There are 2 protein chains.
Amino acid sequence: MASLVINHGAAGARIAGELREAILTGEYAPGARIRQEDIADRHGASRVPVREALRMLEAEGLVTLVANTGAWVSRVSLAECQEMYQIRERIEPLLLRYNLPLLDAAAVDELERLAVLMESSELDEFIALDRAFHLSCYDRAETTVLGATVLQLWNRTHSYRRAYMRIARTDPDRSVHHEHHLIVSAIRRQDVDEAERVLAGHIRRTRLELTRHPDIFE
Amino acid sequence: MASLVINHGAAGARIAGELREAILTGEYAPGARIRQEDIADRHGASRVPVREALRMLEAEGLVTLVANTGAWVSRVSLAECQEMYQIRERIEPLLLRYNLPLLDAAAVDELERLAVLMESSELDEFIALDRAFHLSCYDRAETTVLGATVLQLWNRTHSYRRAYMRIARTDPDRSVHHEHHLIVSAIRRQDVDEAERVLAGHIRRTRLELTRHPDIFE
DNA sequence: TACTCGATGATTGCATCCAATTCAAGAGAA
DNA sequence: TTCTCTTGAATTGGATGCAATCATCGAGTA
């Protein structure tokens, strides 16, 4: 007997995926209330898989659940954001180290293309390209924990990166692009230590920039 | 009207907590099947909150879920374990940096007591003391992401730490204790850089030790 | 023997229903 | 007015039941 649902046993994961996307695109902003029945209707499912999805997103830090009360898109404080950037500063170089030997000439060319595109793009397009640039550095090695952890950190701070750009674009920061090209260069030369150093500095500088706009965090 | 349940709206979290404990104590070993109805009966609940608990533990990496099939206590491969130790090597020093200023003389005395006790303990007691020692270094600062991440890494590798000790205790390793005392000393002097360095080396050495017993991982 | 292919029981996935809780608005008293 | 209490709608939490799926085992065939 053929089932009505294509993929039985994955409703929760599917809903979580689409909700995650909605949060990252900004359709749901930090602090926004998430009602179980809304999501359920929108996905033609009951509230049960929605609750599973919410639990998953809670574990990823994207959603905050309060018992008997409801679910909200997680807010991030300045202190928490700094924490996450400091963690990234220490583990992304390690992740890059895992990937470096697997990034061939074609991959590096693509990275350079993204870096160049970024120089003449703005706001949402820049955000997307920057994310693509960095995550492309990490998509070769089959790490389990490390890759997932880094991706979560990117996701949890994504909304605030956009909020930051909206404010800080008045003084366009050239050194970001310079650092991107330094990273590309180090990867092309397969210089692991230099790549780690530049990447750590890149994240560190971004973190310090954030401190200058504490107003973004509510 | 008084309810029959003390805490409505927390069944999933409560079950997750007890299941997590059961996994850490070894009652459920890596690879063991977890049946929803078993857990439900054992906690006098239905399968709904059990499934929530399983989703939470899955997100923590303690449980592996397969759609339409079941749940198992997560296995960890040697490569994954190495990854986790490398991450710890990079972020635990940072977490220690957060906590160092908050560790007063009394706290350091307690740490030293644990370090001494460990020298004349074995197996399960050593595991417990070692965990208490390190986690006590981290329980002062109110970090959100960093503390949770480190705790998860400890939990995910806990079973294997026990398995390792059961095998490797034939050649008791004195340098572990030496390093513990170096850490205590650095904390007492509030020497952040030295504390970071010693801790990173301590974790790194443990990771390299693990490589010598790949048979632990299935 | 070894292999394929159905049936059957066990287990999970999800929808529905009811209970528990929260929140907000309004009545009543100080 | 302001505070407290009550009431009820809105929402979440959890139990039950049925559908979907998987694993096991045995019959049949090469």
Side-chain angles (χ1 to χ4, degrees), chain A residues 1-20 22-23 28-75, chain B residues 1-20 22-23 28-75:
Chain A
M1 177 69 177
S3 69
L4 292 172
V5 218
I6 325 285
N7 263 346
H8 187 81
R14 184 171 45 83
I15 294 174
E18 298 181 19
L19 236 158
R20 186 185 301 114
I23 293 174
Y28 288 80
R33 174 75 181 270
I34 303 174
R35 248 169 269 271
Q36 297 180 2
E37 201 141 19
D38 283 2
I39 313 294
D41 292 347
R42 189 166 311 183
H43 292 83
S46 82
R47 282 169 41 227
V48 176
V50 172
R51 298 184 39 174
E52 272 188 47
L54 290 175
R55 284 293 182 201
M56 299 191 229
L57 296 176
E58 180 192 31
E60 292 177 27
L62 284 181
V63 162
T64 303
L65 293 176
V66 179
N68 296 312
T69 305
W72 289 263
V73 179
S74 295
R75 290 180 186 282
Chain B
M1 179 68 179
S3 68
L4 292 171
V5 216
I6 324 284
N7 262 347
H8 187 81
R14 183 170 46 82
I15 294 174
E18 297 181 20
L19 212 78
R20 186 185 301 114
I23 293 174
Y28 287 81
R33 173 76 181 268
I34 303 174
R35 250 168 267 270
Q36 297 179 3
E37 200 142 20
D38 284 2
I39 313 296
D41 292 347
R42 189 167 310 183
H43 291 83
S46 82
R47 282 168 42 224
V48 176
V50 172
R51 298 181 42 133
E52 271 189 47
L54 290 176
R55 284 292 182 202
M56 300 190 230
L57 296 177
E58 180 192 31
E60 292 176 27
L62 285 180
V63 162
T64 302
L65 292 176
V66 179
N68 296 312
T69 307
W72 289 264
V73 179
S74 295
R75 290 180 186 282

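Below, chains carry the letters A, B, ... as their sequence lines are ordered, and counting in each starts from 1. Everything quoted here is computed from the prediction, not taken from an experiment. Values below: every heavy atom of this structure, side chains too, minus hydrogens, waters and symmetry copies.
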*Asks:* May I have the distance from R35(A) (atom CZ) to dT12(D) (atom P), rounded to whole angstrom?
*Replies:* 7 Å
*Asks:* If you check the S46(B) side chain, which of dA15(D), dA20(D), dT11(C) turns out closest?
*Replies:* dA15(D)
*Asks:* Considering every strand and a 4.0 Å limit on heavy-atom distances, what is the contact class for I34(B): base, sugar-phosphate, or nothing?
*Replies:* sugar-phosphate
*Asks:* Can you see which heavy atom on L65(B) is nearest to which on R55(B), and at what distance?
*Replies:* CD1-NH1, 3.5 Å
*Asks:* If only side-chain N and O atoms of R55(B) are considered, is one of them under 4.0 Å from the OP1 or OP2 phosphate oxygen of dG13(C)?
*Replies:* no
*Asks:* Between R20(A) and E60(A), is there a side-chain N and carboxylate O pair less than 4.0 Å apart?
*Replies:* yes
*Asks:* Quiz question: going by heavy-atom distance under 3.5 Å, is there a donor-acceptor pair between the base of dG14(D) and the side chain of R51(B)?
*Replies:* no
*Asks:* Would you mind classifying the nucleic acid contact of R47(A) as base, sugar-phosphate or nothing, using non-hydrogen atoms under 4.0 angstrom?
*Replies:* base
*Asks:* Quickly work out the E58(B) CD to dT12(C) C1' distance and round it to whole Å.
*Replies:* 14 Å
*Asks:* Please report, rounded to the nearest Å, how far the C1' atom of dA20(D) is from the NE2 atom of H8(A).
*Replies:* 4 Å
*Asks:* A67(B) or G70(A): which one's nearest nucleotide on DNA chain D is closer to the 5' end?
*Replies:* G70(A)
*Asks:* Look at R47(A) together with E37(A) and state whether they make a salt bridge at an N to O cut-off of under 4.0 Å.
*Replies:* no
*Asks:* When you match E37(A) and W72(B) each to their closest nucleotide on DNA chain D, which lands nearer the 5' end?
*Replies:* E37(A)
*Asks:* So what does A71(A) touch, heavy atoms closer than 4.0 Å: a base, only the sugar-phosphate, or nothing?
*Replies:* nothing
*Asks:* Would you kindly give the CG-to-P distance between L65(B) and dT12(C), to the nearest whole Å?
*Replies:* 10 Å
*Asks:* Could you pull out the closest heavy-atom pair between L57(B) and A16(B), with the gap in Å?
*Replies:* CD2-O, 3.9 Å
*Asks:* Strictly below 4.0 Å: does Q36(B) bring a side-chain N or O up to OP1 or OP2 of dA10(C)?
*Replies:* no
*Asks:* In whole Å, what is the span from the CG atom of D41(B) to the C1' atom of dA10(C)?
*Replies:* 14 Å
*Asks:* In whole angstroms, how far is the P atom of dT12(D) from the CD1 atom of I39(A)?
*Replies:* 10 Å
*Asks:* Return the value, rounded to whole Å, for the distance between atom CZ of R14(A) and atom P of dG13(C).
*Replies:* 14 Å
*Asks:* Among dC14(C), dT11(C), dA23(D), which nucleotide has an atom closest to any side-chain atom of T69(B)?
*Replies:* dA23(D)
*Asks:* Between S74(B) and P30(B), what is the shortest heavy-atom contact and its length?
*Replies:* O-CB, 3.6 Å
*Asks:* Round to the nearest Å and state the distance from L54(B) atom CG to dT11(C) atom C1'.
*Replies:* 13 Å
*Asks:* Starting at the 5' end of DNA chain C and moving along, which residue's nearest nucleotide shows up first, N68(A) or R33(B)?
*Replies:* R33(B)
